[in-house]
Number of protein chains: 2
Amino acid sequence: MGVCRIPKPKDPIAAARAEVVELLFSYVERLRAHFESVAAAHDLTAMQAKVLMFLGDAEPMRCVAENLGCDPSNITGVVDRLQDRGFLTRSEDPNDRRVKLLHATAAGKRLRETIGLNLFREMPGMGELSRAQVADLRNLLSMLCAHSVEKQLASG
Amino acid sequence: MGVCRIPKPKDPIAAARAEVVELLFSYVERLRAHFESVAAAHDLTAMQAKVLMFLGDAEPMRCVAENLGCDPSNITGVVDRLQDRGFLTRSEDPNDRRVKLLHATAAGKRLRETIGLNLFREMPGMGELSRAQVADLRNLLSMLCAHSVEKQLASG
DNA sequence: TATTGTTATACTCTATAACTATA
DNA sequence: TATAGTTATAGAGTATAACAATA
C-alpha cells in the first residue's frame, strides 16, 4: 500500500511497532505489484487471479465472495469472464439448488499451477533469507494470522 | 490477497518458503481489509487514502503515480476528488512549469494524522507480539524490503 | 523531441437494491 | 421469511492514446 507516513510514538515499544507497520505496508505494496504482474502475464486481472487461485474442487460462489471480502454480486461478473475463457464451469449443488458450485477446468488447473509457481519463485526478497530466518518469519506470521482470525470470528 | 493454493515443493527449504508466501498473502488480505476499513471510516477509498498518506509538503503528481505503481492519468481523478473535499491543493512548480505540486491542506494533515494513528493502533495481530518478536519482525521485513528495492532499481 | 499533466475512452471492480428461484 | 445468485445501476480505479503546455 505504498509509503505511509505514520506518526512515530515516543514510547520505544510503540515506535518499534509503528516501524513494523510501515515496513509491512511497503512490502505489501511490492507483493501487490508482484501478484498483479504475474496475473497480467496470463491476461488476468488481480481479482480474476484471486478467484482462480481460491477455487477448490467444488466451491460455492458465496464462499469465494466471503474469502475475497467483497459483495457476492461482484463474483458473478468475475466468474463470467473466467468461464468465457474456459478456466472454470458452474454447476448446481444437488443438495441445495440455490447454490452454484465452481469447478476449475483442466485449463484452469494448469493455469493455477503455473501462477502458483510464478508467485512462489519470484517472491520479492524471499530468496535472500536463510533457512532459520524463513522459519522465524513463518512463526511470526502464524501468530499474526492466528490472532487476526480470532478477532474476526469474535467480531463477526 | 486471500487464500492462495500454492503447490508445495518436496524440498523442505522450498516448502518452508512456500508456506511463508501463503501466510504472507493471507496476512496481506487482512491488512488490505484493515486499510480499507480505516479509509472508509473517513469516506475515502483505499486509493484516495494512499494518495493522502503519501503526500509530503510539495509532491509532484508523477511521484505519486510512481509510488503507487499506477498510470499518471489515474492520479488526476483521485486528486480531483481529494481537492474537491478540501484535503489538498495543486500548485505550479516554479522550477518546471509542467509539474504540478500537491500540498495537503490543514484539514488534509489532520485527516492524515488520524488515519495514521488508526492504522497503527488497530493493526491486526500486532499487539500480540512481544518486544523481542517485534524487533525480529522488523529485521526480517527490512531484509525483504531492502532486497525488493535493489531488484526494482536493477531492473528499472 | 521529450516530458508533465489532462482528457477521452473502454474495461473492470465495487456496493446497493431489486429480482428469481429455492429453502 | 430467509438465502444464493443474478441483474441493473452508479461510482471509482485502471491502462491506452491523443492532446496542450513546457522543457
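Worth saying up front: this structure is predicted, and the values here are computed from it rather than measured. A, B, ... follow the sequence lines: proteins, then strands. Residue 1 opens every chain.
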Using whole Å, report how far [atom1] of [X] lies from [atom2] of [N].
| X | N | atom1 | atom2 | answer |
| --- | --- | --- | --- | --- |
| A/L102 | D/dA4 | CG | C1' | 12 Å |
| B/D96 | D/dA23 | CG | P | 6 Å |
| A/L68 | C/dA15 | CG | C1' | 15 Å |
| A/M47 | C/dT14 | CE | C1' | 9 Å |
| A/E36 | C/dC13 | CD | P | 11 Å |
| A/D93 | C/dA21 | CG | C1' | 14 Å |
| B/K50 | D/dT14 | NZ | C1' | 12 Å |
| B/L44 | C/dT14 | CG | P | 18 Å |

Which of these nucleotides, D/dG5, D/dG13, C/dC13, is closest to any side-chain atom of A/Q48?
C/dC13
Between C/dT12, D/dT6, C/dT22, which nucleotide gets closest to the side-chain atoms of A/R97?
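Between C/dT12, D/dT6, C/dT22, the one nearest the side chain of A/R97 would be C/dT22.
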Are any side-chain N or O atoms of A/E128 and backbone N or O atoms of A/G125, one a donor and one an acceptor, separated by less than 3.5 Å?
no
Counting only N and O atoms by type, is there a donor-acceptor contact under 3.5 Å from the side chain of A/E59 to the main-chain atoms of A/G56?
yes
Does A/R62 make a side-chain N or O approach to OP1 or OP2 of D/dG5 shorter than 4.0 Å?
yes
Report yes if a side-chain nitrogen or oxygen of B/K100 is closer than 4.0 Å to either non-bridging phosphate oxygen (OP1 or OP2) of C/dT6; otherwise report no.
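Looking at the OP1 and OP2 atoms of C/dT6, one of them is under 4.0 Å from a side-chain N or O of B/K100.
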Would you check, one step at a time, whether the test side-chain contact (heavy atoms from CB on, under 4.5 Å) holds for A/D136 with B/Q133?
CA-CA 9 Å; A/D136 287 348; B/Q133 285 168 331; over 6 Å; no
Any side chain to side chain donor-acceptor pair (under 3.5 Å) pairs touching residues 99-114 of chain A, not counting sequence neighbours?
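Passing the test, one end in residues 99-114 of chain A: A/S91-A/H103.
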Can you list, by chain and residue number, the hydrophobic cluster partners of B/L117 when the side-chain cut-off is 4.5 Å?
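Via sub-4.5 Å side-chain contacts, B/L117 links to none.
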Residues of residues 72-84 of chain A with a heavy atom under 4.0 Å from any atom of DNA chain D, listed by number, are A/S73, A/T76
Would you check if A/K50 and B/F25 make a side-chain contact, meaning some heavy-atom pair closer than 4.5 Å?
no
Derivation and outcome, side-chain contact (heavy atoms from CB on, under 4.5 Å), residues B/I115 and B/L44
CA-CA 10 Å; B/I115 290 177; B/L44 294 175; 3.7 Å; yes
5'-most contact on DNA chain C (nearest-nucleotide basis), A/R98 vs A/T45, goes to A/T45
